[in-house]
Amino acid sequence: MTELAGRRILVVGASGAFGAQFAEQLSAASASVLGTASSDSSMQRLGNSLVERHVLDLSDQNSIERATSAILASGEAIDGIILASGEVAFGSAAETPSAITERLMKVNFLGQVAVVTALHAALEKSAAENHAPFVVSISGVIAETPMAGLSSYSASKTAMHGYATAATRELRRAGIRWIDARPGHTESGLATRAIFGQAPAFGVGLKTEDVVARIVSAIKEDEKDLPSSSF
């Protein structure tokens, strides 16, 4: 069982619906939570329970480097990274502009991988301290079943799932666990903030707090993967 009390956990996207829930539930478990927001304006939405706050724009490599350097400056270990940030776009392959596809790949995949890579040494430090470090990605059910009308979004999420699947095996040797979570449609409000297109009628989704609680439970119970059937 993984202990959360006193652990130093980074929540990427702590100003969003998923990230705010993670910050709240982890803080309630007595973890020391660091949070990021994508801009100075969204920093205002970060919760008071955070021990550190950083601006981190996943679409901007310079922003990623500044934020991760600031996080590493203390020399402390990072016991967990939760990748709770993301964007969505709706539209077929033919109608979705390439710039939208590129942004989704940066925010939902490449930027998130860059954060983990930059903080890898801090995760290794946690492993050396026997703190059972972890990374959580949320690729979603769409990574299992890519959907027509969401070609670009599907691509960004399946890329993350594929990366996480391989990285899980690699990082295990270093004592680092990577959990990829694939919940179904969740009422996080993300679909109403699409960067392109309009959301189809999904129907009633899962509650954000329930999805986050399930993932936090998986962290505690040393689970290694969370397919859609887990939610």
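This structure is a prediction, so every number in the text was calculated from the model and none was measured.
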Closest heavy-atom contact between S137 and D180? OG-OD1, 2.6 Å

Distance col, row L56:CG vs E65:CD, nearest 0.5 angstrom, shows 11.0 Å

Run R182 and D225 through side-chain contact (heavy atoms from CB on, under 4.5 Å) and show every step you take. CA-CA 9 Å; R182 300 182 295 284; D225 188 47; 2.9 Å; yes

Non-neighbouring partners of E52 that pass side-chain hydrogen bond (donor to acceptor under 3.5 Å, both in side chains), sequence neighbours left out: R8, H54

Checking T168 side chain against A164 main chain: does a donor-acceptor pair fall under 3.5 Å? yes

Within one Ile-Leu-Val-Met-Phe-Trp-Tyr cluster: V88 and L110, side-chain cutoff 4.5 Å: no

Do L34 and I176 belong together in a cluster built from hydrophobic side chains that touch within less than 4.5 Å? yes

Spacing of E144 atom CD and K157 atom NZ [to the nearest 0.5 Å]: 13.0 Å

Are R214 and E223 close enough for a salt bridge, meaning some N to O gap below 4.0 Å? yes

Criterion side chain to side chain contact (heavy atoms under 4.5 Å, CB included) against F90, the qualifying member of I195, L150, T96: L150

Would you say L72 and V116 are hydrophobically clustered, going by side-chain heavy atoms of ILVMFWY under 4.5 Å? yes

Distance-minimising heavy-atom pair for S188 and R193: O-NH2, 3.8 Å

N/O donor-acceptor pair under 3.5 Å between T36 side chain and G13 backbone: yes

Please check: side-chain N/O of R53 versus main-chain N/O of G47, any donor-acceptor pairing under 3.5 Å? yes

Got a donor-acceptor contact below 3.5 angstrom from the S27 side chain to the E24 backbone? no

Indicate yes or no: at least one non-hydrogen side-chain atom of Q112 is less than 4.5 angstrom from one of V115. no

Quiz question: by atom type and distance under 3.5 Å, do the side chains of T208 and Q21 form a donor-acceptor pair? no

Here the gap from I100 atom CD1 to M105 atom CE, rounded to the nearest 0.5 Å, amounts to 14.0 Å

Tell me if a side-chain donor or acceptor on D79 pairs with a main-chain N or O of P133 at a distance below 3.5 Å. no

Backbone of K106 reached by a side-chain donor or acceptor of S59 within 3.5 Å: no

Tell me whether T158 contacts the main-chain N or O of A155 through its side chain, where contact means a donor paired with an acceptor under 3.5 Å. yes

Do any N or O atoms from the side chain of S42 and from the backbone of D40 form a donor-acceptor pair under 3.5 angstrom? no

Nonpolar side-chain network containing V136, other nodes, edges under 4.5 Å: L4, I9, V11, F18, F22, L26, V33, M43, L46, L50, V55, I82, F134, I138, I179, L206, V211, V212, I215, V216, I219, L226, F231

For I64 and D57, which heavy atoms make the closest approach, and how far apart are they? CG1-O, 3.7 Å

Would you say L58 and E87 make side-chain contact, with heavy atoms under 4.5 Å? no

Between S69 (side chain) and R66 (backbone), is there a donor-acceptor pair under 3.5 Å? no

Distance, nearest 0.5 Å, that separates CD1 of I71 from CG of L119: 5.5 Å

Any side-chain heavy-atom pair from H131 and K125 closer than 4.5 angstrom? no

State, yes or no, whether a side-chain contact exists between R177 and R172 at a heavy-atom distance under 4.5 Å. no

Ignoring hydrogens, what is the shortest heavy-atom contact between K207 and T186? Give both atom names and the distance. C-CG2, 4.0 Å

